[in-house]
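Down below is the structure, laid out as structure tokens.
First the proteins, then the strands, lettered A, B, ... as listed; each starts at 1.
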Amino acid sequence: MIDLKLLQKDFETVSKRLTRKGVSTELLEGLKVKNEELKKAKAAYETLQALQNSMSKEFGVYKREGKEISELKAKVDANKIEIAKALEVQRKKQEELEKIAMSIPNMPDDNVPDGEDEEDNVEIKKVLTPREFSFEPKEHWELATQNGWIDFERGVKLATSRFSVGFGMGARLERALINFMLDFNRKRGFAEVSVPALVNAQALEGTGQLPKFEDDLYKTQDGLYLIPTAEVPVTNLYQDEILKESELPIKMTAYTSCFRKEAGAAGRDTRGIIRQHQFHKVELVSITKPQDSDKVFDEMVACASDLLTALELPHRLVTLCTGDLGFSAAKTIDLEVWLPGQNTYREISSVSNTRDFQARRAKIRYKNGKKNEFVNTLNGSSLAVGRTMVAIMENFQNEDGTIDIPEALKQYL
RNA sequence: GGAUCUUUGGCUGAGUUGGUCGAAAGCACCGGUCUUGAAAACCGGCGAGGGUAACACCUCCCUGGGUUCGAAUCCCAGAGGGUCCA
């Protein structure tokens, strides 16, 4: 949620930073005007309300003393009508304001590079060198089918396209990866939590998926939603709470299934398990004091990167440009794993610092001395399990189509 | 699914003949006195959001409606929790 006070106080800065995200100055100016109008409407309403309160008190005194009340009653009745009108005006303004405010993305950090789309993301570094193949490496769906690890047709039969079924080692590898990742993260200081896969609308508003991205969410008949990422339930664990300074930072890791309609991805990654409606993910979420979030961000990136390194998977780190940055993020570093079958790097993890954007929406604060301040929230995948399997298949394949298992995983199988 | 009770500030918990209740008390917490230090004791502070230079003032006692000049307190609906029945 945009900081309306800051917008009011320092329009220049806010506008400049949001322009980089493609938010028009006109929209922000409109928002500023709306905010001022709302303040006026509120003041008008409150003045009337104060009058009503004091007259009502007087009313009590009159009755107790047995005084004549008809004149006072007439005044108070008239005022009541004014209050109703003023309240309606205020309510309308509030609604208009919120509609705009909730749809404005987070301000990117100043050091986030400008850019249109993923083409303009900036590589930070490569980790591990991709191996040389003496044969033409296959893509993962071919390997998965050949080894009987994944059945694509039966997934479609059970549900619809973009669903698949793991068999044998395909299923076991998935479970091994989840355990390996959770253990790895725990050793890095992230406490394991187990959370619901269904959440209410409030939680999704808190982390920014609603109201803007409803199209990509599965909704149940009684108004709950399947989570698109564990970020939603884990971050919202502390929704509407005031944390003690000594509790921070809170660093958590959680494994969940994730569900996405992939509404805007028609035709993309239709083969294989790169883009599924249901996938497994181990997530990292941190809640920190504002001054600590950069440090924790680096820890999270390192955690995900080291995990890939432990699995002997070549990857690279890229900073997302403004055009590719998500709605809630102030800064994001993607980890892209090398896929020899596709001969390219593909996203496998995304670590974001949302600063106080989600905290403001979800009302997560901490006591800073006497004052209550918004925390910073961060999230990052560590890792997308399906994509990790893809990476293992493609990087550890042999000429005959068999697949080796990374050393680090063997104790989990 | 039916019946009944219940929902108050970080926690426990008063407050049901509507007005002086944003809300007693205890615990926890913070500051101070005392102490070599700590504990105990004593003194003080202590919900949140908006608003203000600071006050004033407004809002919030599960949520949403309603009655009333006025509601934590009354009515209706919903959600959560307990007990009994199925």
Side-chain angles (χ1 to χ4, degrees), chain A residues 1-10 31-102 195-206 210-211 219-225 233 236-248 250 287 289 356-375:
Chain A
M1 173 89 154
I2 184 168
D3 185 344
L4 288 168
K5 275 187 186 164
L6 188 63
L7 181 78
Q8 214 65 53
K9 214 170 64 190
D10 190 358
L31 186 66
K32 192 179 168 199
V33 170
K34 281 258 179 317
N35 193 34
E36 280 157 2
E37 285 174 3
L38 176 63
K39 275 174 101 170
K40 277 202 196 109
K42 266 191 168 164
Y45 165 73
E46 285 176 9
T47 305
L48 289 168
Q49 187 64 49
L51 181 62
Q52 186 78 353
N53 287 345
S54 67
M55 282 198 288
S56 289
K57 258 184 198 157
E58 208 177 333
F59 202 101
V61 176
Y62 272 43
K63 280 212 116 174
R64 205 175 324 121
E65 295 177 353
K67 281 196 196 163
E68 172 59 37
I69 56 169
S70 59
E71 198 182 319
L72 181 60
K73 170 109 164 80
K75 267 163 73 181
V76 105
D77 281 343
N79 191 54
K80 205 178 169 185
I81 295 167
E82 295 304 311
I83 288 180
K85 280 193 220 155
L87 183 62
E88 186 51 30
V89 172
Q90 186 202 313
R91 213 186 48 77
K92 241 192 189 141
K93 296 268 179 232
Q94 176 88 43
E95 208 170 89
E96 288 169 10
L97 179 99
E98 248 168 45
K99 205 172 153 198
I100 302 174
M102 290 292 271
V195 291
L198 284 162
V199 294
N200 55 35
Q202 203 183 344
L204 288 151
E205 279 165 16
L210 285 181
K219 188 177 185 178
T220 68
Q221 283 176 330
D222 33 37
L224 294 173
Y225 296 82
N236 279 290
L237 284 172
Y238 297 97
Q239 173 204 99
D240 206 19
E241 292 193 23
I242 299 169
L243 301 160
K244 285 186 199 142
E245 189 175 2
S246 59
E247 289 179 86
L248 301 175
I250 297 173
I287 296 177
K289 294 191 267 183
D356 62 359
F357 185 81
Q358 292 180 329
R360 181 169 283 110
R361 287 177 159 238
K363 299 190 179 66
I364 309 174
R365 291 156 293 176
Y366 79 104
K367 273 255 182 266
N368 183 11
K370 276 210 114 166
K371 283 200 309 201
N372 297 326
E373 282 183 13
F374 289 113
V375 298

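- Annotation: side chain to side chain donor-acceptor pair (under 3.5 Å) contacts of A/Lys34 (sequence neighbours excluded): none.
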**Asked** Can you give one letter per nucleotide of nucleotides 44-51 of chain B, going 5' to 3': B for a protein heavy atom under 4.0 Å from the base, S for sugar-phosphate only, - for none?
**Response** ----SSBS
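- Every side-chain contact (heavy atoms from CB on, under 4.5 Å) that A/Lys244 has, sequence neighbours left out, goes to A/Ser246, A/Glu247.
- Using N1 to N3 plus N6-O4 or O6-N4 for Watson-Crick, or N1-O2 and O6-N3 for G-U wobble, each under 3.5 Å, B/A24 pairs with nothing.
- Neither OP1 nor OP2 of B/G70 sits under 4.0 Å from any side-chain N or O of A/Asn53.
- When the side chain to side chain donor-acceptor pair (under 3.5 Å) test is applied to A/Arg365, no partner is found at least two apart in sequence or on another chain.
- Near-neighbour residues of RNA chain B inside residues 70-79 of chain A, defined by a heavy atom below 4.0 Å, number-ordered: A/Lys73, A/Val76, A/Asp77.
- Within 4.0 Å (heavy atoms only), A/Gln52 reaches sugar-phosphate atoms of the nucleic acid but no base atom.
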**Nucleic acid footprint by protein, nucleotides 17-24 of chain B - heavy-atom cut-off 4.0 Å, B for base, S for sugar-phosphate alone** = --B-----
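- Among residues two or more places apart in sequence or in another chain, the side-chain contact (heavy atoms from CB on, under 4.5 Å) test is passed with A/Leu198 by A/Thr220, A/Leu224, A/Leu226.
- For residues 76-88 of chain A, the set of pairs meeting the salt bridge (charged side-chain N to carboxylate O under 4.0 Å, His left out) definition, not counting sequence neighbours, comprises A/Lys73-A/Asp77, A/Glu82-A/Lys85, A/Glu88-A/Arg91.
- Taking A/Glu68 as the reference, A/Ser70 meet the side chain to side chain donor-acceptor pair (under 3.5 Å) condition, with sequence neighbours excluded.
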Donor-acceptor pairs under 3.5 angstrom involving side-chain atoms of residues 39-48 of chain A: please list them, not counting sequence neighbours.
| from | atom 1 | to | atom 2 | distance (Å) |
| --- | --- | --- | --- | --- |
| A/Tyr45 | OH | A/Gln49 | OE1 | 3.2 |
| A/Thr47 | OG1 | A/Ala43 | O | 2.8 |

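- Heavy-atom distances to RNA chain B give each of A/Ser54 and A/Lys80 a nearest nucleotide, and the one nearer the 5′ end belongs to A/Ser54.
- Scored by the side-chain contact (heavy atoms from CB on, under 4.5 Å) test, A/Lys99 finds no partners at all (sequence neighbours excluded).
- Few gaps surround NZ on A/Lys32; more than 12 heavy atoms of other groups in view lie less than 6.0 Å from it.
- Looking at residues two or more places apart in sequence or on another chain, you find no side-chain contact (heavy atoms from CB on, under 4.5 Å) involving A/Lys57.
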